[in-house]
Amino acid sequence: MRSTGRLLVYLSLLSGISFTAMAGETAVAPDSPGTVPVNQLDLRPRIDPPETRSRQDLDAFELRASLRETPAGPPGLRGALETALGRDADWQAALMDVKVADRQVWRELLRFTPVVTGALETSHSSAGDGSRPFDLVDRESYVAISASLPLWTSGSRYYGVKAARSRRDTLAFEALAVRDQASMTLIDTWMRAVTGARDRELHLDSIKRLKRLRGAVIARQRAGFASSDDVAQVNADIAAARQTLSSIEGALAKANARLERLAGQTPRKSAKMMRFEQHFRDGKELFIQGAHRTNPQLQAAASRYRTEIYATRFAVSDLLPSVNLTGEYRHYLESSRRTSDDRGLTVGIRLRVPLIDLSSVAETSAQSARREAALYREVSALNEVEIQIDELWSDRSTTIAMRNEAEREVAARKKNAAAALNRFQKGLGSLEDAIRAQSSLITAQRTALQLTAQESVLAAQLLVISGRFTSDMLTGD
């Protein structure tokens, strides 16, 4: 018992040392004062910087570098989109998934070809007269080459190919959905950059107007009609406008940095808002009908359902008879007394009839349930796409109406701001009215700008989800 206890203590010590070593800590005896509690051990994986890692671990970094070397397209949103898709790792991965599925189709097609195998077998058996049943004196060894060609599989080969092709189609449609998502990401980022640049210009103009107002206040102060408090008030408004300008420039820098990584270019100063009015001459119902035919998500859901149908028929075919043409050639290395010749060629037809295979029956039932689930998911995708089109269409209509009113407000605010500044310069208006008019003008301008950008993004989303979007819709700006 004492030796057993020592052994257990020794094994416990070894396990503690092994665990501590794997954790990257110095091994300490369990009962020593320097023991580190388990909850304080740093078990997080340590990842070395790229430059210190071995070359076989640099595949992801090298691949990313090669993607970034994709030549930049022509200036403008269309060229940026071409470059971004060439650099997008998710899009490239989706294309590789389609390539894998295509190889799976070839695998199913090759099931129509003969299967040739080689075998080496040796065996010992007892005497044939039964006198010594446990005396393995008969030895036999041979080399064999066998071939099998399916003649009739009750549809398993056919439906296997159909299911594989349908899976490939599903992945192809899912890849198109990934491409659409990447396109919308770039368009949204591009529009934020263009909006940010325009917003920056608006604030610079607003600061210039406030500076002119400050000049008028200083002139009135010299004439004794304004105080230092009035000058301080205008200076405070200028500082607030500059603070907002810094925030706008920060957001613009983020959008441009993202575009540099995605597409290798940023919008030019002359870039304008994308407008898609010419592509909305049809009504909402035609957009929904177009989505039924060309939306990648709906197409993927329908293809996924077809795949389950073929998979169900494939599972049923496994419960039906099959016929194979078989052939085998044997060359005996050692012959037993029961072997008539040292070599032989056998050709035959094998009929396989499943009699009891409860696991296959259960799998067929489960596959039927998967088929029904896929149909429900297709219905869910159909409802979701139609709801998205309804909501986007409503949002766009509302945004257009608000933008039109905002543009009218901007026109009126410009006249009001100019008149207020003119009245103040002539000593006929108050400083508060002039400042309020300038503040109302910049607010109206920013609102109109945001609504214009929002309408463009909503239009792009509608075109994408309805399956109508193409890169030709994008301008070179």
Side-chain angles (χ1 to χ4, degrees), residues 92-121 142-178 293 296 298-332 341 343-375 377-378:
Q92 301 299 328
L95 293 180
M96 289 299 103
D97 289 337
V98 176
K99 186 175 182 180
V100 171
D102 191 63
R103 298 301 183 268
Q104 298 295 329
V105 173
W106 278 103
R107 186 189 68 175
E108 293 298 326
L109 287 171
L110 292 176
R111 292 181 63 188
F112 288 84
T113 61
V115 178
V116 181
T117 58
L120 171 63
E121 183 174 339
Y142 65 87
V143 177
I145 297 178
S146 59
S148 176
L149 176 64
L151 298 179
W152 173 258
T153 61
S154 297
S156 66
R157 290 184 301 178
Y158 174 76
Y159 290 119
V161 173
K162 296 288 284 186
R165 286 176 173 170
S166 187
R167 291 189 192 97
R168 179 191 59 190
D169 294 342
T170 300
L171 289 173
F173 288 124
E174 290 177 351
L176 292 178
V178 171
R293 296 189 302 268
L298 292 183
Q299 296 298 318
S303 182
R304 200 174 294 112
Y305 174 57
R306 288 193 298 270
T307 300
E308 297 301 338
I309 291 177
Y310 296 138
T312 301
R313 294 175 181 175
F314 177 84
V316 171
S317 65
D318 277 347
L319 302 176
L320 302 177
S322 61
V323 179
N324 289 351
L325 175 64
T326 62
E328 183 182 71
Y329 177 80
R330 290 188 180 183
H331 175 70
Y332 286 90
D341 194 4
R343 65 183 64 210
L345 176 63
T346 305
V347 178
I349 295 178
R350 179 180 298 168
L351 172 65
R352 174 184 170 273
V353 181
L355 298 178
I356 300 177
D357 190 354
L358 298 181
S359 63
S360 296
V361 174
E363 175 59 26
T364 302
S365 177
Q367 184 57 49
S368 298
R370 294 189 192 102
R371 179 193 61 196
E372 297 301 320
L375 180 59
R377 291 191 179 95
E378 182 181 359

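Only heavy atoms go into these numbers, but all of them, side chains included; no hydrogens, no water, no symmetry mates.
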Sequence-distant partners of Glu378, side-chain hydrogen bond (donor to acceptor under 3.5 Å, both in side chains), two or more places apart: none

Any residue meeting side-chain hydrogen bond (donor to acceptor under 3.5 Å, both in side chains) with Thr113, in chain and number order, not counting sequence neighbours: none

Once salt bridge (charged side-chain N to carboxylate O under 4.0 Å, His left out) is applied, what residue pairs with a partner in residues 157-172 remain, sequence neighbours excluded? Asp102-Arg168

What distance separates Phe314 CZ from Thr307 OG1, expressed to the nearest 0.5 Å? 13.5 Å

Summary of salt bridge (charged side-chain N to carboxylate O under 4.0 Å, His left out) pairs that have at least one residue in residues 105-117, sequence neighbours excluded: Glu108-Arg111

List in chain and number order the residues that pass side-chain contact (heavy atoms from CB on, under 4.5 Å) with Val115, two or more places apart in sequence or in another chain; answer none if no residue qualifies. Thr117

Going by the side-chain hydrogen bond (donor to acceptor under 3.5 Å, both in side chains) test, which pairs reach into residues 317-328, not counting sequence neighbours? Glu328-Arg330

Does Arg370 have any salt bridge (Lys or Arg N to Asp or Glu O under 4.0 Å) partners at least two apart in sequence or in another chain, and if so, which? Glu363

side-chain contact (heavy atoms from CB on, under 4.5 Å) filter on Leu151, not counting sequence neighbours, yields Leu149, Val323, Leu325

Thr170: partners by side-chain hydrogen bond (donor to acceptor under 3.5 Å, both in side chains), with sequence neighbours left out: Ser303

Straight-line distance of Thr312 OG1 to Tyr159 OH, nearest 0.5 Å: 11.0 Å

Atom pair CG (Leu171) and CG (Leu176), whose distance is rounded to the nearest 0.5 Å: 11.0 Å

Taking every non-hydrogen atom, the tightest pair across Thr153 and Pro150: CG2-CB, 3.8 Å

Measuring from atom OH of Tyr158 to atom CZ of Phe112, what distance do you get when rounded to the nearest 0.5 angstrom? 9.5 Å

For Ser365, which residues count as a side-chain hydrogen bond (donor to acceptor under 3.5 Å, both in side chains) partner, sequence neighbours excluded? none

For Glu174, salt bridge (Lys or Arg N to Asp or Glu O under 4.0 Å) partners two or more places apart: Arg304

Tell me every residue that passes ring-ring contact (aromatic ring centres under 6.0 Å, His included) with Phe173, counting only those two or more places apart in sequence or in another chain. none

Atom pair OH/CZ of Tyr305 and Arg371 - distance to nearest 0.5 Å: 6.0 Å

